[in-house]
Amino acid sequence: MKPKSLLALALCATLALTGCGSGASGPDPVKLLVFGAPEELGAYRTLIEAYQDARPGERVQLIEASDRKDLLARLATSVAGGAPPDVFLMNYRFYGQFAAKGVVEPLDQRIAGSTLDPADYHPVAMDAFKWEGAQLCLPQNVSSLAVYYNRTLFTRYGVPEPKAGWTWNDLVGTATAMTRDARGLVIKGTEAEGAARLPAVHGLGVEPSIIRLAPLVWSNGGEIVDDPVKPTRLALDSPAAREALKNLIDLRQAYGVVPSDAEVEAEDDESRFLNGRLAMLMTSRRATTNFRTITGFEWDVAPMPVYRQPVGVLHSDAYCMTTGSKNKDAAWRFMEYAMSADGQRIIAATGRTVPSHIEVSRSPAFLDPDQPPRNSQVFLDAIPTVRALPTVSTWPEIEDLSYGILENAIHRGDRLDDVIRELDVKSRPMFARGEHG
Amino acid sequence: MTASRPAPRIRPDTRARRQHLLMLAPYLVGLVGLMLLPALVTLALAFTEYDLLRPPTWVGLDNLTALVDDPIFRVALLNSLVFAVVAVPLRVLVALGLALLLHRRAPGVGTARTATLLPTAVPEIAYGLLWLWLFNPLYGPINQLLRLGGEHGLTVLGRTPPPWLTDPTSARAGIILMSLFTMGETFVVLLAARRALPRDVYEMAALEDATGWDVFRRITLPLMAPVLALLAVRDAIASLHFTFVPAFVVTDGGPPPYATTYLSLFVYQTGFEYLRYGYAAAATLVMMLLTVAALLVQWRLIRRYRRFYQV
Amino acid sequence: MSGLTLAGVSAAYRDATVLHEVDLAARPGELLVVLGPSGAGKSTVLRVVAGLEPATTGRVHIAGRDVTDLRPGLRNVSMVFQSYALFPHLSVAENIAFGLEVRDVPRRTARERARAAAETVGCAGLLGRRPGQLSGGERQRVALARALVREPDVFLLDEPLSNLDLTLRVEMRAELRALHDRLGATMVHVTHDQTEALVLADRIAVLRDGRVEQVGTPEQIWRTPASTFVARFVGSPAMNLLPADAAVCRTGDAPPLPEQPLEVGFRPEAVTLDAAEGTPATVDRVEVIGEDAYAYLTLAAGHRVVARVPAARRPARDESVRVGVRWADAHLFHADSGRRYVP
């Protein structure tokens, strides 16, 4: 055989092999791109199985990303490559860049023609996924921040548990009283220079991020950006914002009730709480799934402390359909199911979410008294007060930027004025490049 | 041999040439398809604004001028250069030291060679995760070891052990430390280079009673200098890439602000996390230019040493 | 006092013994050539003297010092390697001065002595070059200059001429001898080339399988080979060896042979083809080398013999000749041991 014909044959074989990859029988499955911890992924598998059982013939394929950043990268590259997933799950804080660029399919028409009633869902979550008036995604959950606390530790040290209506000063006092050394004596974590004096239990864990800071600023009557509708910079220079930021920094710098950076690096806050070495942890509903594995102690949730008025920050993920999907009708049918009371109950059972479906969120599927936290009502009570962060397409960059600056502020004790100026100056070009909904 | 003998006037064997071409074909197809085309596309995208989601638009040199003013890019560039300047010589020196130590046959040498190579064979992500554990400031074995003999969590010298991943300098040092153990390839090349050096030259030196230091300085080092220089240049080029996984897995570009954000991580973040693909392509272009500069240095070195050792 | 003495020296490579209790001595100022086929252990002798290989038994003395346990650098010997072992990255001047510089001789002095050494061997014009730019002969001179710059107690030369072409080898051979005579240094020169040995040596030590077969002046080696091995190894074409009782016509004064198994050896020069009562033989082939011709013969009894004849009077192929051996030039060896028979 001539070399040339051999080569041609080899090329043909390669093409044939790659070409027949998609030639399987039946309709293509709906591809669902999500990320999450193993339990969360398990919940999606359960949801998909339930859906396929309920609707014979429908098929959904789960695509698992390792984390949020991986999901963003996968989504962007698959869109660029012309083979995007049909449905993806995304937080409203990050969907802006996709919404602005026409990657997300508007759903108003499909909603109008379906049994899905927007009034069944918490409006604050629905609104977060509106872009220029159009409903782009359907919120799966409506979470907010709460203070998880280790009840067993509070009982042991005889410190009153946090309760609704507590103030920032109450939080600081409680955290101070709960920061203990190995012998169980109250200790000031700022002097943490040697192992003998390191706190064995820290009073509080809180991430140095803008999404933790935001509700505190809002509660104090301040703003985190100059214009919530068309933000151009992070503006924490108002007295109210300054005070909230300073108080957050003081948790480490003045009171030492939050673990130092080395301690966080050695053991992150969630593990620290799991291991019974953190009295309180300010985080979202997401942690619940993980904390339900705790057997060594009792825990519960309390509402966020209040400065002037109670304000929460919205955490919400939604099912979004890609405009590039080649399977939109099937994708929509899956989204309908996932958003239905049945679908919402399945996800709610994992504990990970506060269901966006109002009825489900008030049902035992969410408020199950046998499953910790007993006080899940806290999340529902917060919903009327939650605010959404600005949705600007460059928000991921802004979050990364502010995280670094705030981390240094809290752990290194940078000057407050410098911190505020740096956040302002460095965020400006990012906002300037951003697009708004 | 550069003696100019008249070349035999034989018609080139076309069959042999065709066979060579055929055997090269898969490689060429791969090279063009997987390396050259993407590189060219990236080059072109460097002059566009492109977010992966909408079609690219031509912006000329805007991306490059924006890079010049971008403090994060400047930090990343500086980080990459500093890494190359510090880590590359250290890596080559460690590899050289081990190669000189392990080039002879002796009991245990085989095991030692394998041990030297092993870290290079570990998948990068796993290697990164391993170091994440090693560097754990409180519970990690490195700091546990440093605390041995000290009291109250201090080292014997009464100092706090390095907070590896939370202090910028320690984190940079940590990444360099990580990179030192993956010099296996350099080690193998140097081992082979050392073993290829003529034995009688060393016997000559022994007869002249040259000390170990003299032998190293006057013989081994100059004889291996060309290889060392080439490896250093190669390593410098590679360092643009192999800083990625450690920074991605272990430090996530931190501690703030951007202490271990190297060019590679910068490109990844801007391109895939912030969807500024055109801008990332421009940064990649800068990386390519650095690579080309390094290759030029390499080429000059080769030419210079070829003149030195022509036989 | 002896320049160099090896007393009962053995050496082994891995598990194989390559030198068997060698006794050897070079007198001060003597040029001793160690001659033998490859694998005889010649280079090992040099390497043991230099200290590059350990002696498993025996002692080595250099200039009266027992150096057996000293490292090479303390033995004060110089060596010229077969490959010359020049440092490719150093100039000729630096190569020559290397030994001085690592011994902390001031740089200036080292360079001056290097120049002087280079002049001695006639390579002063090459001082600025690198080994890569030199021809084989030039490299050899540089290697010699490097060896003699330090004025060692013993020079060790490991087949230094073997990498040169024939003309150059002959030339360098003469120069080497002249150099030795000028310096008056003790030299041990290893070679497998018997001509080189005969031309160069004050004395020759013939080595075979790690044992000294014979030590003597070139004259002694040639005239009275101590064994059939030496007899055949020295001289070209090799000495004829036949059973002593082979039917061959003896010319000249020929005493009766002793009554024991012996071998007789005679060089081609001792063979005549025109003996009146000679043994009949046929000519197999003839090689003409200038004025001389070598005739390869088969005796009637089947033994093969080489004869040297003037080219002008050479026999033709297949010609029948009558062979006689000048018995005064013949050697007798014990048939079993191969050692020389001494009546």
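In the text below, chain A, chain B and the rest are named by the order of the sequence lines, each starting its count at 1. Heavy atoms only: backbone and side chains are in, while hydrogens, waters and symmetry mates are out.
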Identify which part of A:Phe94 has an atom lying under 4.5 Å from any heavy atom of chain B, answering side chain, backbone, both or neither.
neither

Which region of A:Ala409, side chain (C-beta onward) or backbone (N, CA, C, O), has a non-hydrogen atom less than 4.5 Å from a non-hydrogen atom of chain B, or is it both or neither?
neither

Would you mind reporting whether A:Val103 and B:Arg54 have side-chain heavy atoms less than 4.5 Å apart?
no

Check whether any side-chain heavy atom of A:Thr394 sits under 4.5 Å from a side-chain heavy atom of B:Tyr274, and report yes or no.
no

Quick check on the interface: out of B:Asp252, B:Leu165, B:Leu132, who has the most heavy-atom pairs with chain A under 4.5 Å?
B:Leu165

Heavy-atom pair of closest approach, residues A:Ala76 and B:Leu52:
CB-CD1, 3.5 Å

Test of understanding: with side-chain contact (heavy atoms from CB on, under 4.5 Å), list the residues that count as partners of A:Ser427, not counting sequence neighbours.
A:Arg233, A:Leu234, A:Leu401, A:Phe431

Supply the atom-to-atom distance A:Glu399 CD to B:Glu273 CD, rounded to the nearest 0.5 angstrom.
12.0 Å

Find the one option among [options] whose heavy-atom pairs under 4.5 Å with chain B are most numerous.
options	result
A:Asn408, A:Leu72, A:Val79, A:Thr323	A:Asn408
A:Gln97, A:Arg74, A:Arg68, A:His411	A:Gln97
A:Glu265, A:Glu397, A:Glu267	A:Glu397

Please flag which part of B:Phe135 lies under 4.5 Å from any non-hydrogen atom of chain A: side chain, backbone, both or neither.
neither

Heavy-atom proximity to chain A below 4.5 Å, by part of B:Tyr258
side chain

CD of A:Glu64: more than 12 outside heavy atoms within 6.0 angstrom?
yes

Are there more than 12 heavy atoms of other residues, nucleotides or ligands under 6.0 Å from atom OH of B:Tyr27?
no

With a 4.5 Å heavy-atom cut-off (strictly below), which parts of residues 65-77 of chain B touch chain A? List them by number.
B:Ile72

